[in-house]
Number of protein chains: 2
Amino acid sequence: MRIGELAAQAGMTRDTIRFYEKVGLVQGRRLPNGYRDFPPETVAWLHYVRTAQTLGFSLAEIARTGEELREHPDTAEALSALFEEKIHVVDARMAELAALRDELAARVGTGCPLRAAQG
Amino acid sequence: MRIGELAAQAGMTRDTIRFYEKVGLVQGRRLPNGYRDFPPETVAWLHYVRTAQTLGFSLAEIARTGEELREHPDTAEALSALFEEKIHVVDARMAELAALRDELAARVGTGCPLRAAQG
DNA sequence: CTTGACCTTGGACCGTACTCCACTGTTTAG
DNA sequence: CTAAACAGTGGAGTACGGTCCAAGGTCAAG
């Protein structure tokens with residue numbers, strides 16, 4: 001799969017994918033003519049990248065996950081540990097969101113929400 | 001309250017607060033000598049800013065909320081609408097997180113999570 | 001009346017994550 | 001064979017969110 005098709009399927013530009021390659025988020029083989037060649041699973045990986053990113057993980061963090069996955073490709077334990085760690089992060093974020101939600105909900109319908117709180 | 005104390009209480013640097021003033025996130029009166037003077041509620045506002053920020057809202061979005069609050073300081077309905085909107089955003093984000101969490105949890109303990117998904 | 005802590009401004013700089021551009025090479029369709 | 005559509009490179013530029021610094025003003029304590 002060449003970069004154009006990958007870009008279309010992953011919903012990003014070629015430039016973004018080249019940038020991701022530069023920072024180690026994706027790796028492509030090269031065809032004899034120099035064109036990048038990606039396996040089809042890269043689409044799923046890039047979708048995962050987008051998701052993780054919108055949830056607040058930096059590209060560096062995401063790349064690290066990818067690397068660890070590459071380093072321990074057959075150690076189910078290492079992977080489980082990695083994902084459990086991510087789950088804790090996600091849980092913490094969800095708790096924060098729930099708190100904010102409650103805070104917001106509590107103010108709905110009251111007379112003077114946050115009014116005094118914005119210098 | 002001068003900038004140094006505000007910075008200490010809000011857990012950020014003076015430079016950050018000056019930057020926030022520049023982009024309209026906070027407004028300070030000036031003392032006769034030119035020093036900024038903030039009301040004590042600014043501390044709460046800055047804490048709110050930090051929270052909203054870690055939850056993925058940009059400074060521009062947060063500033064817009066603050067502005068709308070300033071424009072309709074006595075319209076309970078407008079405020080309620082604003083917060084309800086925020087709550088929807090938060091709910092959407094939480095749903096995304098829950099999906100990611102499930103995805104991660106499903107892979108824990110399985111033999112080959114994501115392995116094929118990182119070109 | 002000086003020292004030190006605090007404040008002011010403007011502007012340079014940084015890291016992250018792209019985005020665009022010019023110029024060039026390759027492949028494909030008519 | 002040519003034109004369009006695709007690919008490559010390097011480098012500049014952008015937006016966001018700060019962070020640091022130099023040069024200087026203000027103020028309370030000794």
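Letters A, B, ... are given to chains in the order of the sequence lines, protein chains preceding strands, and every chain is numbered from 1. Predicted model, so just to flag it, every value in this text is computed and none were measured.
Within the 4.0 Å cut-off from OP1 or OP2 of dC6(D), not a single side-chain nitrogen or oxygen of R36(A) is found.
Across the protein-nucleic acid pair, M1(A) atom CE and dA7(D) atom P stand 11 Å apart, rounded to whole Å. The CZ atom of F38(A) sits 12 Å away from the C1' atom of dG8(D) (whole-angstrom rounding). Between the CE atom of M12(A) and the P atom of dA17(C) there is a distance of 13 Å, given to the nearest Å. For E5(A) and dA5(D), the CD to P distance is 18 Å, given to the nearest whole Å. In this structure, CZ of F57(B) is placed 17 Å from P of dC16(D), rounded to the nearest angstrom. The distance from atom CG of L46(A) to atom P of dA17(C) is 15 Å, rounded to the nearest whole Å. Between I17(A) atom CD1 and dC6(D) atom C1' there is a gap of 14 Å when expressed in whole angstrom units. Rounded to an integer number of Å, the gap from CD1 of I3(B) to P of dT26(D) is 17 Å.
When every heavy atom of M12(B) is checked against every heavy atom of Y20(B), the shortest pair comes out as SD-CE2, 3.8 Å. When all heavy atoms of R36(A) and L31(A) are compared, the pair lying nearest together is O-CD1, 4.4 Å. Across all their heavy atoms, A63(A) and G24(A) have their closest contact at CB-O, 4.4 Å.
Recorded end-axis angle for the helix from dC1(C)-dG30(D) to dG30(C)-dC1(D) stands at 10°, based on five pairs per end and rounded to 10 degrees.
Rounding to the nearest 0.5 Å gives a distance of 8.5 Å between CD of Q53(B) and CG of L25(B). If you take CZ on F38(B) and CH2 on W45(B), they are separated by 13.5 Å, rounding to the nearest 0.5 Å.
A donor-acceptor contact shorter than 3.5 Å links the side chain of E61(B) to the backbone of S58(B).
Contact check on E21(A) versus R29(A) returns no salt bridge, with no Lys/Arg side-chain nitrogen under 4.0 Å from an Asp/Glu carboxylate oxygen.
Residue order along DNA chain D, read from the 5' end via each residue's closest nucleotide, puts E21(A) first among S58(B) and E21(A). In terms of position along DNA chain D, the nucleotide closest to R30(A) lies nearer the 5' end than the nucleotide closest to the other residue of the pair R30(A) and A60(B).
Here the side chains of T13(A) and T16(A) are in contact, with some heavy-atom distance below 4.5 Å.
A side-chain contact (heavy atoms from CB on, under 4.5 Å) with L6(B) is found for exactly one of V26(B), D37(B), V43(B), namely V43(B).
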- Note on the structure: Nucleotide by nucleotide, nucleotides 18-30 of chain C touches protein heavy atoms under 4.0 Å in the pattern (B base, S sugar-phosphate only, - none) BSB----BBS---
